[in-house]
Amino acid sequence: MSAASSAPPLARAGARSPAGERRHMNPYLAGFGLGLVLLAAFLIMGRGLGATAASGSVVAWLSGLAAPEWTAANPALKGYYAEPPWVNWTFYLIVGVFVGSLVSARLAGRVRLRIERGPQLSAGARLALAFAGGAVAAAGAKLAKGCTSGQALTGGAQLNVGSWIFMFSVFAGAYALAYFVRKEWR
Amino acid sequence: MTLPLYAYELISDSQGLLVALGLGFGFGWFLERAGFGSSCRLCAQFYLYDMTVLKVMFTAIVTAMVGLWGFSAAGLLDLSMVYLTPTSIGAQLVGGLLLGAGFIIGGYCPGTSVTAAATGSGDGAVFIGGFMAGLMIYAIAFPGLETWANSTSLGELTLPEVFGVPYGALVLGVVVMAGLMFAGAEWSERRFAHMRPGAR
């Protein structure tokens with residue numbers, strides 16, 4: 001049998017790859033599901049989804065252990081400091097995201113310890129860039145009062161002016177830098 | 001009109017926390033199903049050969065947007081009770097650029113890093129650590145930026161108000177725009193298929 005004929009045919013969504021992993025869901029179907037979850041958040045709670053405030057709540061709580069008065073007065077932390085994580089709505093939301101992701105990946109055979117990177121990058125360099133990228137993203141999310149979840153998705157669906165400006169800025173920032181970090185991914 | 005339930009006190013604070021767990025579960029489920037636990041797959045968006053991020057995001061936005069409009073037009077939902085983040089144009093422009101930079105450098109946005117970490121990604125877990133460290137650094141070093149962002153706030157502002165068009169017309173406009181973007185995304189994936197790793 002030639003190499004060409006032994007290559008797997010284009011797998012259907014839901015079919016298993018040779019590594020035992022399921023194919024990802026059709027992106028439009030996944031987006032529809034995500035949109036229904038977001039709509040449910042609006043209808044039940046009167047608020048959208050978000051991923052920044054949970055981290056903010058944890059950071060403010062830790063900071064408050066060391067310096068309660070400074071934390072309560074800091075413009076960037078005082079909003080988060082009002083509630084500790086265990087009564088904070090966004091913290092429960094992110095716990096749910098963690099569990100939902102884990103269950104989904106487990107059922108699809110996609111849970112494995114890994115450090116994802118392009119073939120030309122060391123694991124250490126990838127982790128350093130992941131840390132730096134996280135820190136830069138934090139400044140962006142704080143300044144914009146939300147991230148891809150709380151601003152782009154949530155505010156996008158609400159036709160919020162600031163959210164649409166934010167969304168196009170995110171794409172612009174990432175496309176502008178993509179060429180310079182291409183070795184990180186490919 | 002009894003929606004949102006929480007605003008009409010039909011569910012309590014502690015029930016709300018359970019709702020958050022359930023919504024988060026669904027959110028995480030669909031992020032993972034879309035393949036968003038993988039930094040390489042997410043960042044492929046910015047090399048044009050895999051537009052999954054754009055397709056998922058805009059389908060989600062259109063779905064929730066049409067739903068919000070429909071429930072509100074049917075008189076079932078009081079839109080004024082749904083929280084809307086205030087607009088400050090400069091802060092959201094600069095913040096978006098920074099978040100985009102952090103995305104392509106770090107491989108994730110804040111939500112997808114949780115999905116990645118939950119499925120065993122070390123880079124996802126480290127991104128979360130960097131994100132928390134970044135929040136603390138921002139709070140220590142740049143408290144003035146937060147004050148600036150708040151002082152330039154224009155308050156709640158929506159696109160139909162700015163453009164002076166009816167809500168439903170703008171919803172229709174975004175649906176049409178999303179359709180054109182999906183067509184562009186499909187074209188881009190065919191046009192740049194040779195850039196996919198392993199395609200050469």
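When reading the values below, keep in mind they use all heavy atoms of this one structure, side chains included, and skip hydrogens, waters and symmetry mates. Order of the sequence lines sets the chain letters (A, B, ...), proteins ahead of strands, with each chain counted from 1.
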Sub-4.5 Å side-chain heavy-atom contact between Phe131(A) and Phe127(B) | no
Aromatic contact, Phe32(A) with Phe30(B) (centres under 6.0 Å) = no
Which bit of Leu145(B) comes within less than 4.5 Å of chain A, counting heavy atoms only: side chain, backbone, both or neither?
-> both
Identify which one of Arg106(A), Arg112(A), Arg110(A), Arg114(A) satisfies the side-chain hydrogen bond (donor to acceptor under 3.5 Å, both in side chains) criterion when paired with Thr119(B).
-> Arg114(A)
Please determine, among Ser121(B), Ala116(B), Gly67(B), Ser14(B), the option with the most heavy-atom pairs under 4.5 Å with chain A.
-> Ser121(B)
Is Ser63(A) close to Met136(B) at the side-chain level, that is, under 4.5 Å between some pair of heavy atoms?
-> yes
What residue among Leu84(B), Leu157(B), Leu159(B) forms side-chain contact (heavy atoms from CB on, under 4.5 Å) with Leu159(A)?
-> Leu159(B)
Report the relative orientation of the aromatic rings in Phe182(B) and Tyr28(A); use parallel for angles under 30°, tilted for 30 to 60°, perpendicular for over 60°.
-> perpendicular
Side chain / backbone / both / neither for Leu102(A) at chain B, heavy atoms under 4.5 Å | both
Can any side-chain N or O of Arg126(A) pair as donor or acceptor with the backbone N or O of Gly106(B) at less than 3.5 Å?
-> yes
Other residues, nucleotides, ligands: >12 heavy atoms within 6.0 Å of Leu180(B) CG | yes
In terms of heavy-atom proximity below 4.5 Å to chain A, should Val62(B) be classed as side chain, backbone, both, or neither?
-> neither
Do Asp123(B) side-chain atoms and Glu116(A) backbone N/O form a donor-acceptor pair below 3.5 Å?
-> yes
Do Leu34(A) and Val56(B) have side chains that get closer than 4.5 Å, going by heavy atoms?
-> yes
Gap between atom CG of Leu77(A) and atom CG of Leu135(B) - 0.5 Å precision | 8.0 Å
Rounding to 0.5 Å, atoms CZ (Arg47(A)) and CG (Leu23(B)) come to a distance of 10.5 Å
Indicate yes or no: at least one non-hydrogen side-chain atom of Ser101(A) is less than 4.5 angstrom from one of Phe36(B).
-> no
Is there a side-chain contact between Val136(A) and Phe131(B), using heavy atoms and a 4.5 Å cut-off?
-> no
With the side chain counted from C-beta on, respond yes when Phe166(A) and Leu93(B) share a heavy-atom pair under 4.5 Å apart, and no when they do not.
-> no
Hey, does the side chain of Thr87(B) reach the backbone of Gly162(A) with a donor-acceptor pair shorter than 3.5 angstrom?
-> yes
Thr158(B) side chain near Asn160(A) side chain, heavy-atom distance below 4.5 Å | no
Highest number of heavy-atom pairs under 4.5 Å with chain A: which of Ala20(B), Gly124(B), Pro143(B), Cys43(B)?
-> Ala20(B)
Met167(A) and Met57(B), any side-chain heavy atoms less than 4.5 Å apart | yes
Main-chain N/O of Ile104(B) paired to Trp185(A) side chain as donor or acceptor, under 3.5 Å = yes
